[in-house]
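Below is one structure, written out as structure tokens; the observations come after it.
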Number of protein chains: 2
Amino acid sequence: MSILCYAADMSLRIALLGLLDATGPASGYDLAKSFERSLNHVWQAGHTQIYPELVKMAADGLVAVESEGARGRKIYAITPEGAERLRSWLIEHEPTGAIRSEVALQAFLLPLLDKESAIAVVERIRARLQQRLAVLECKDPSKFGRYALNLGLSQGRSGLAWADETLAELRGLEPADQPAPAT
Amino acid sequence: MSILCYAADMSLRIALLGLLDATGPASGYDLAKSFERSLNHVWQAGHTQIYPELVKMAADGLVAVESEGARGRKIYAITPEGAERLRSWLIEHEPTGAIRSEVALQAFLLPLLDKESAIAVVERIRARLQQRLAVLECKDPSKFGRYALNLGLSQGRSGLAWADETLAELRGLEPADQPAPAT
DNA sequence: GATTGACATGTCAGCTCTTACATGTCACTC
DNA sequence: GAGTGACATGTAAGAGCTGACATGTCAATC
């Protein structure tokens, strides 16, 4: 019988609707740039995902093609139905706390490595976190995405603190694999 | 001509190899439980992903079926090749910092809501973060996954702090949509 | 007028992951 | 012996996403 009732993800749609609502009509190209610029620490999507999704959203009446300019440029605008959908998702959707993080996976597996390698791995993670934090710190905290920016800064700093503590702990270990010189 | 050189994800493989290396031979069922129990805040995978992946990994020589017990139970063990692959991934793989977080997406879109709705959304996020943090705080910090556990605790606490600050800020706003009564 | 590079839109193969469906064993209780 | 629930393993459809490929415009420089 096969009763299929997929709870489709919608996150990409919501992100696109959010950008259109917040900053007005835009082309797929613009939206891809916006993703790169402002949503990058929150959600990622390339143009290869965005263009087909806009077509589907237009078919579903959530956005409308407003005009076609030079260079085949198509401007999409959010429709009232799209705005409604966006707001009800925000208000009703219980976010899954699920995180898939390669950094955390490497952290999890650290005990498999000897001390030197573990230190090298944590140092690489630290550099990566530092770099991401620096990017966020350059952003304008008065712009639209400021709440997510604050969250990203907060998480970035706590990640960095974790890396420093972990490095200190690893370096504090005596050369022997097992710690506990006294207790 | 189509020269395909996909940088396949491998993360699921690595996670499985890591569990097998850390805790010894196990069945697919055990691994699914371990995922649920110890890796849940780092990576998620259900049995429907794990069973086929173990078969592929066996075909690639990374794991071996050790024995088949009652109830059709199959015990997998990591091979030397698997252990080697695991360690080189850990040491060589530059983790993508990419995060896809529905919580952060909701945070990003907060300015689209009126004050009351925004407060409700942040309160729901806060409850969710609190709940996840409570789960982590119950875990044994001396066990294998302790580095990732520390990272999760650190991130969880900073998320909670963000929620509290954001709530305070939202509640501090005067009823009018725009703040700035003085400057 | 030729080249270069930013602008602009798309397709497709193949991998990843989730959901639903499907099957069967074993231990224990009623 | 019938039913329940934990144990145990799978398949398949379809959504989500990445990377490679493909096409064409327009403005500025050489």
Side-chain angles (χ1 to χ4, degrees), chain A residues 1-16 25-37 39-40 42-60 63 65-76 96 98-102 105, chain B residues 1-16 25-37 39-40 42-60 63 65-76 96 98-102 105:
Chain A
M1 185 106 7
S2 205
I3 298 160
L4 298 182
C5 49
Y6 289 107
D9 210 20
M10 295 296 109
S11 304
L12 176 59
R13 281 183 170 213
I14 296 301
L16 290 171
S27 69
Y29 188 85
D30 296 331
L31 289 167
K33 293 286 163 196
S34 289
F35 252 95
E36 181 70 22
R37 216 181 333 102
L39 258 172
N40 196 48
V42 163
W43 207 265
Q44 301 84 44
H47 76 277
T48 59
Q49 230 189 318
I50 291 171
Y51 288 133
E53 190 64 28
L54 284 171
V55 172
K56 282 187 226 156
M57 288 163 75
D60 291 345
V63 296
V65 181
E66 264 203 340
S67 62
E68 311 209 4
R71 296 185 195 183
R73 185 179 167 87
K74 291 183 201 166
I75 307 295
Y76 291 91
T96 69
I99 294 283
R100 274 195 167 93
S101 159
E102 285 194 351
L105 182 55
Chain B
M1 184 104 14
S2 206
I3 298 160
L4 300 181
C5 48
Y6 289 106
D9 210 21
M10 295 295 110
S11 304
L12 177 59
R13 281 184 170 212
I14 297 301
L16 290 170
S27 68
Y29 189 84
D30 296 333
L31 290 166
K33 294 285 163 197
S34 290
F35 252 93
E36 181 70 24
R37 216 181 333 103
L39 258 173
N40 195 48
V42 164
W43 208 265
Q44 301 85 44
H47 76 276
T48 58
Q49 227 188 321
I50 292 170
Y51 290 133
E53 190 64 28
L54 284 170
V55 171
K56 282 187 225 156
M57 288 163 74
D60 291 346
V63 296
V65 182
E66 264 203 340
S67 62
E68 311 208 4
R71 297 185 193 183
R73 185 180 168 85
K74 292 183 200 165
I75 306 295
Y76 291 91
T96 70
I99 293 283
R100 272 193 169 95
S101 161
E102 286 195 351
L105 182 54

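Numbered from 1 within each chain, the chains take letters A, B, ... in sequence-line order. These values consider heavy atoms only, across backbone and side chains, with no hydrogens, waters or symmetry-generated copies. Just so you know, these numbers come straight off a predicted model, no measurement behind them.
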For B:Asp9 and C:dC15, give me the distance from atom CG to atom C1', rounded to whole Å. 8 Å

Heavy-atom nearest pair, A:Gly28 first then A:Ile50, reads O-CG2, 4.1 Å

Interatomic distance, B:Asp30 CG vs D:dA6 P [rounded to whole Å]: 17 Å

Mind checking whether A:Phe35 and A:Asn40 have side chains closer than 4.5 Å, heavy atoms only? no

So the side-chain hydrogen bond (donor to acceptor under 3.5 Å, both in side chains) pairs with at least one residue in residues 43-59 of chain A (sequence neighbours excluded) are A:Arg13-A:Glu53

Could you check if a side-chain atom of A:Leu105 sits within less than 4.5 angstrom of a side-chain atom of B:Leu39, using non-hydrogen atoms only? yes

Starting at atom CZ of A:Phe35, determine the distance to atom C1' of D:dG16, rounded to an integer number of angstrom. 13 Å

Would a 4.5 Å heavy-atom cut-off, applied to side chains only, mark B:Asp30 and B:Arg73 as touching? yes

Can you tell me how far CG of B:Leu16 sits from OG of B:Ser11, rounded to the nearest 0.5 angstrom? 11.0 Å

Residues two or more places apart in sequence or in another chain: which of them pass side chain to side chain contact (heavy atoms under 4.5 Å, CB included) with A:Pro52? none

Under-3.5 Å N/O pairs linking protein and nucleotides 23-27 of chain D:
residue, atom, partner, partner atom, Å
D:dC26, O4', A:Arg71, NE, 3.4

For DNA chain D, what residues of residues 43-56 of chain B have any heavy atom nearer than 4.0 Å? B:His47, B:Thr48, B:Tyr51

Rounding to 10°, can you tell me the angle the first-five-pair axis of the helix from C:dG1-D:dC30 to C:dC30-D:dG1 makes with its last-five-pair axis? 0°

Between P of D:dC17 and CG of B:Leu12, the distance in whole Å: 17 Å

Interatomic distance where CE belongs to A:Met57 and P belongs to D:dA15 [whole Å]: 16 Å

Over how many whole Å does the gap from A:Glu36 atom CD to C:dA8 atom P extend? 16 Å

Using a heavy-atom cut-off of 4.0 Å across all strands, would you classify A:Arg100 as base, sugar-phosphate, or nothing? sugar-phosphate

Rounded interatomic separation in angstrom, taking CG from A:Asn40 and C1' from D:dT18: 15 Å

Among D:dA15, C:dA8, D:dT9, the one nearest any side-chain atom of A:Ala8 is D:dA15

Roughly, in whole Å, what's the span from CD1 in A:Ile75 to P in C:dC7? 14 Å

Side chain to side chain contact (heavy atoms under 4.5 Å, CB included) against B:Thr96, all qualifying residues, sequence neighbours excluded: A:Glu102, B:Ala98

